[in-house]
2 protein chains.
Amino acid sequence: MANSVTLNDVARLAGVHPGTVSRVLSRPELVNSQTREKVIKAVEETGYVPNLAARHLAGGKSATIAIIVPDIMNPFFAAIAHSVQYTARRSERLVLFADCNSSAMEEREAIISLARNVDGIIVCAPVSDPNELAKAALGVPVVFVNSEGGKNTSVVIDQEAIIKLAIEHLMVLGHTNIAVVSGPRSFWSTKIRNKVLSNLIKSRRELNISLLKAVEPNFEGGKSCAKEIRSLRVTAVAAFNDLQALGVIVGLTGFGVGVPNEVSVVGSDGLPIGEIMIPSLTSIVAPLNRIGEVALELMDKRIHGESELLVKVSPYLIPRGSTAPC
Amino acid sequence: MANSVTLNDVARLAGVHPGTVSRVLSRPELVNSQTREKVIKAVEETGYVPNLAARHLAGGKSATIAIIVPDIMNPFFAAIAHSVQYTARRSERLVLFADCNSSAMEEREAIISLARNVDGIIVCAPVSDPNELAKAALGVPVVFVNSEGGKNTSVVIDQEAIIKLAIEHLMVLGHTNIAVVSGPRSFWSTKIRNKVLSNLIKSRRELNISLLKAVEPNFEGGKSCAKEIRSLRVTAVAAFNDLQALGVIVGLTGFGVGVPNEVSVVGSDGLPIGEIMIPSLTSIVAPLNRIGEVALELMDKRIHGESELLVKVSPYLIPRGSTAPC
DNA sequence: CTGAAAGCGCTAACAT
DNA sequence: ATGTTAGCGCTTTCAG
């Protein structure tokens, strides 16, 4: 489309062969500095922008990566998408994005239609089996976020640390009767957390931890637990994530249970909303802006044949208004 | 990359010429039904997925569009991005996404680097001059969301309706002393709304509307207005958007001013958070899921040479807990 | 209705 | 250090 300037136009203007222009753009050190200057000048004068399709076809690299998220409206994934796009731009790569509506089918379709057209795919919190997804990518590097296992490459938020930080924080405040709200059974993170919790329950007999049934990791899910939490007579709750924590707080408040006066609540993710709600939310912050960086590093390593399979990023706790001494 | 199946492979398997396979894929009606069946079978057996780069190069269409947003973490834009991507997928188009951090420079750079590689660009709430941006796109169709003017194609949320719905709702509740919080001066929507407001102030002498100074369209911006609002002794506030409304409510509450008992607050955008906060937020809902649809329709029309320049989508009011009779 | 052939804009060997 | 050449995988004329 449009009156686009091609590499040939630049070559003509600079009085060199197209191959030379290509070289200046990809490996300038191979070109005589005078020639290089001429070419660069011509590029600037013409406003030349490379045609990625042609590059892809000729060179085998698309300079494009894809990110697949279950739901871009979820601030957790929006933050990851932001981080991926920010990092990709620094290395002059474009980002294709697909929102699969938490549907396994759409996720699979997205992988298939993207694989041939990108240099790598980042899949956030996959809803289908990662091994299957990796297979569907037909050799294109896939990096998973918050998922782990098989021969896959992953960057995950350290789930064990999340649990430990939350429980420890509550213990320091004197809480021993604690309810833990569970995320969906299908989530990788839920599985890990539940494992860690059962160990904790065994090893720390002074604690009385009630693991609640699995609910959706959102406001409604949290709110739906409020009744059970009240009847449990615990003094503290650790929610699966911030949205759920918010639901728990609203639910408890609705039953006349004060937060943090009567019950302390700790969330997870460190979403911006936790800062502004009342009470503000104590949360285990996941450094989401690092996820994109790490994911792209891992992708590059995989492209170059390395095989660092797993990076855990460490969360940290921000104490705020929703937790108080027992 | 990978052991990808090409169109030639399919042709060989089906025992036809590659050109025929291409035809089956693009204009099946031109092909004998028996041949077509053979080809389709071969496509399925091989799991052939077209190489978009090659298609783009040969056919001039990339089957890819781009969306540029100021900030994907803002749920308003996340919703639009979701809608665009959902619509694009139905017509088998991929979506490149760029988050320009509300920076005019990054916005411009994004347009330039994307233009050559997509069939069209959607720019949400442009921070730089739309005419300049359209020029930078070098003939690639650009559709603006919430921006208007020049010869550009836009889809906008009817700003006049937003103001009128908000004010009318408050009037019906008996409010006559109303503060209106303003968005950033640079926003197209701010300009429109302020114009509508000054007309309203002139024509409705029974109303006492105070137009507050411009603040950021987020929680902090809203909160920073609370003091002035209190001193104004109004009974109602119309915020620029929901995030701001939330800030106003938190700020007022902090000063001991009850919402909605003493002051009613109405927001705009209809974000999910308005539903769950306490009090829940009366808001002017923008049908964001329609934006993507409309934007892509307009883009297609522009590609086919039509020139429908502007579509306004209509917002509607959802009354909730943050507004009450005066 | 289908085969043949040219070429989209670029890169990467190879040749000089 | 630069020019030359042969495609990358596909669409699209043009013939037949």
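Letters A, B, ... mirror the listed sequences (proteins, then strands); counts begin at 1. From a predicted model like this one, the values you see are computed outputs, not experimental measurements.
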Report all side-chain donor-acceptor pairs from residues 109-117 of chain A shorter than 3.5 Å, counting only partners two or more places apart or in another chain.
residue, atom, partner, partner atom, Å
A:Ser113, OG, A:Glu109, O, 3.2
A:Ser113, OG, A:Ala110, O, 3.3
A:Arg116, NH1, B:Val5, O, 2.8
A:Arg116, NH1, B:Val49, O, 2.5
A:Asn117, OD1, B:Leu52, N, 3.0
A:Asn117, ND2, A:Ser113, O, 3.0

Apply side-chain hydrogen bond (donor to acceptor under 3.5 Å, both in side chains) to [X] and list each qualifying residue two or more places apart in sequence or on a separate chain.
{"X": "B:Thr64", "result": "none"}
{"X": "B:Glu293", "result": "none"}
{"X": "B:Ser33", "result": "none"}
{"X": "B:Thr87", "result": "none"}

Regarding the side chain of B:Leu57, the nearest nucleotide among D:dG3, D:dG9, D:dC10 is D:dG9

5'-most to 3'-most nt of DNA chain C touching chain B (<4.0 Å, heavy-atom partner on protein side) reads C:dC1 to C:dC10

Here the distance between atom P of D:dC10 and atom CG of A:Asn51, to the nearest Å, is 16 Å

Atom CG of B:Leu7 and atom C1' of D:dC8 are separated, to the nearest Å, by 13 Å

Side chains of residues 123-147 of chain A: which donor-acceptor pairs under 3.5 Å do they make with residues two or more places apart or in other chains?
residue, atom, partner, partner atom, Å
A:Ser128, OG, A:Glu107, OE1, 2.4
A:Asp129, OD1, A:Asn131, N, 3.2
A:Asn131, OD1, A:Asn152, ND2, 3.0
A:Asn146, OD1, A:Ile157, N, 3.0

Donor-acceptor pairs under 3.5 Å, side chain of residues 69-76 of chain B to any protein atom, not counting sequence neighbours: which ones?
residue, atom, partner, partner atom, Å
B:Asp71, OD1, B:Met73, N, 2.9
B:Asn74, OD1, B:Phe76, N, 2.8

Residues of residues 27-42 of chain B with a heavy atom under 4.0 Å from any atom of DNA chain C, listed by number, are B:Val31, B:Asn32, B:Thr35

Heavy-atom pair with the smallest gap, counting every atom of [X] and [Y]:
{"X": "A:Leu298", "Y": "A:Ser154", "result": "CD1-O, 3.4 Å"}
{"X": "B:Glu106", "Y": "B:Ser103", "result": "N-OG, 3.0 Å"}
{"X": "A:Asp99", "Y": "B:Arg89", "result": "O-NH2, 2.9 Å"}
{"X": "B:Pro18", "Y": "B:Leu7", "result": "O-CD2, 3.2 Å"}

Ordered by number, residues from residues 17-26 of chain B within less than 4.0 Å of DNA chain D (heavy atoms) are B:Gly19, B:Ser22, B:Arg23

**Message:** Looking at A:Arg116, I'd like to know whether one of its side-chain N or O atoms comes within less than 4.0 Å of OP1 or OP2 on D:dC10.
**Reply:** yes

Show, in sequence, the C-alpha distance, side-chain angles and deciding distance for A:Asn289 and A:Ser83, and conclude whether the side chain to side chain donor-acceptor pair (under 3.5 Å) test is met. CA-CA 5 Å; A:Asn289 57 336; A:Ser83 149; over 6 Å; no

Residues at least two apart in sequence or cross-chain that pass salt bridge (charged side-chain N to carboxylate O under 4.0 Å, His left out) with B:Glu45, listed by chain then number, are B:Lys41

Rounding to the nearest 10°, end axes of the helix from C:dC1-D:dG16 to C:dT16-D:dA1 built from five pairs each make an angle of 40°

